[in-house]
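Just so we're clear, the structure is a prediction, and the values are computed from it rather than from any experiment.
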Amino acid sequence: MTDTLAKTADSPSGARPAGSAPARRNRRRLRPAIRSALKHAVLILCALVMLYPVLWMVVSSLRPNDEIFQDPGLFLTNLEAGNYGEGWNAFSKPFSHFMINSAIVVLGAIVGNLIACSMAAYAFARLEFRGRKWWFAIMLLTIMLPVHVIIVPQYVLFSEFGWINTFLPLIVPKFLATDAFFVFLMVQFIRGIPTELDEAARIDGAGHPRIFVQVILPLMVPALATTAIFTFIWVWNDFFSQLIYLTDPEMYTVPVALRAFVDGQSGTNWGAALAMSVVSLLPVFLVFLFGQRFLLRGIATTGGK
């Protein structure tokens with residue numbers, strides 16, 4: 001036993017065995033780095049999988065028609081930039097005409113939602129009236145109601161008004177606070193604003209209209225920006241409602257015009273269709289890019305007390 005202790009004391013490494021404390025500390029430091037690298041690798045892989053259809057669409061918009069569905073890769077062999085020119089002038093009107101139509105519908109929908117939904121949200125959040133909780137619950141239930149359920153009675157109603165083949169069925173309902181999701185979003189945001197501000201304004205002689213305009217609205221900028229961004233994306237990409245109400249090709253919006261590229265009887269110019277699909281995505285991408293900080297701030301602060 002004494003000889004063994006003496007050999008251990010005389011060893012070059014001193015009294016420390018092979019699995020010493022510094023080695024264990026180094027292993028502990030490496031583990032979080034390895035986990036972080038694996039997580040980032042998985043996230044990058046998932047991002048590439050989700051972005052692949054968009055990237056393929058962009059690449060395929062620069063391919064000849066006979067190569068689009070033959071090559072699932074993302075590398076170009078033959079460049080066909082003329083697809084954009086053909087798609088832009090494929091109809092009697094240039095594609096910019098349909099983008100202007102979509103812009104009119106989107107602008108009207110944004111203005112309607114900002115005005116009507118903010119007023120309805122203020123009423124639910126600040127006013128006291130009989131049956132407020134019941135009306136609020138009914139409003140929330142409409143979120144779960146599919147648009148396909150109400151499209152027939154709405155079509156009959158708008159047909160009686162003579163609004164078919166106009167932009168009115170797509171814009172006017174927005175001024176009636178029909179998007180319950182945005183009403184709920186703003187109600188939660190207003191509830192997070194201290195009521196002491198309302199009381200201070202009321203002491204100064206302000207009524208509900210002045211409190212709403214001068215006190216609540218300036219503080220609702222994140223929620224209003226979130227509403228505007230979501231409205232833009234949803235209305236710009238809306239195909240079903242616009243297909244139902246717009247029958248004249250001159251009234252077509254971007255989604256309906258893209259559908260017109262597909263012809264079941266003659267050959268479809270897929271290169272031109274994909275090229276205009278890329279063009280139609282640019283406004284959505286730009287709005288999301290420049291409005292991302294407002295979108296994140298609006299969602300993060302909604303419901304905060």
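Residues Thr231 and Asn113 have side chains that bring a donor and an acceptor to within less than 3.5 angstrom of each other.
When all heavy atoms of Ser61 and Val278 are compared, the closest pair comes out as OG-CG2, 4.1 Å. In this structure, Leu258 and Ala273 approach most closely via the heavy-atom pair CD2-O, 4.1 Å. Counting all heavy atoms, side chain and backbone alike, Pro53 lies closest to Met50 at CD-O, 3.3 Å. Between Pro72 and Trp56, the closest heavy-atom pair is O-CD1, 3.6 Å. Annotation for Arg126 and Pro194: closest pair NH2-O, 3.8 Å, computed over non-hydrogen atoms. When all heavy atoms of Met99 and Pro283 are compared, the pair lying nearest together is CE-CG, 3.9 Å.
At distances below 3.5 Å, not a single donor-acceptor pair connects side-chain atoms of Asn269 with backbone N or O atoms of Phe261. A donor-acceptor pair is defined here as one N or O able to donate and one able to accept, closer than 3.5 Å; no such pair exists between the side chain of Glu67 and the backbone of Leu76. With hydrogens and angles disregarded, a donor-acceptor distance shorter than 3.5 Å links the side chain of Trp236 to the backbone of Ser280. When atom types are taken as modelled, the side chain of Asn101 and the backbone of Glu250 share a donor-acceptor pair closer than 3.5 angstrom. One N or O on the side chain of Gln242 and one on the backbone of Asp238 form a donor-acceptor pair closer than 3.5 Å. No donor-acceptor pair closer than 3.5 Å links the side chain of Asp248 to the backbone N or O of Asn165.
Ring-plane geometry between Tyr122 and His208 is classed as perpendicular, the angle between the planes exceeding 60 degrees on a 0 to 90 degree scale with a lower cut at 30. Relative ring orientation between Trp163 and Phe158 is described as parallel, the plane-to-plane angle staying below 30° on a 0-90° scale split at 30° and 60°.
With hydrophobic clusters built from ILVMFWY side chains whose heavy atoms lie under 4.5 angstrom apart, Leu48 does not share a cluster with Met57. Tracing side-chain contacts under 4.5 Å through hydrophobic residues (I, L, V, M, F, W, Y), one reaches Val284 starting from Leu51; they form part of the same cluster. In the hydrophobic cluster analysis, where Ile, Leu, Val, Met, Phe, Trp and Tyr join through side-chain heavy atoms closer than 4.5 angstrom, Ile171 is grouped together with Trp234. The hydrophobic clustering, which links ILVMFWY residues whose side-chain heavy atoms are closer than 4.5 Å, places Leu140 and Met119 together. Linking Ile, Leu, Val, Met, Phe, Trp and Tyr whenever their side-chain heavy atoms come within less than 4.5 Å leaves Leu282 and Trp88 in two separate clusters.
The distance from atom CD1 of Ile216 to atom OG of Ser118, rounded to the nearest 0.5 Å, is 11.0 Å. In this structure, CD1 in Ile229 is found 9.5 Å from CD1 in Ile110, a value given to the nearest 0.5 Å. Taking CD of Gln70 as the start and CG of Asp66 as the end, the distance is 6.0 Å to the nearest 0.5 Å. Taken from OG1 in Thr166 to OH in Tyr245, the straight-line distance is 10.0 Å, to the nearest 0.5 Å.
Side-chain rings of Phe91 and Phe98 approach one another, their centers coming within less than 6.0 Å. Aromatic ring centroids of Phe69 and Trp270 lie under 6.0 Å apart.
By the 4.5 Å heavy-atom criterion applied to side chains, Leu185 and Thr227 are counted as neighbours.
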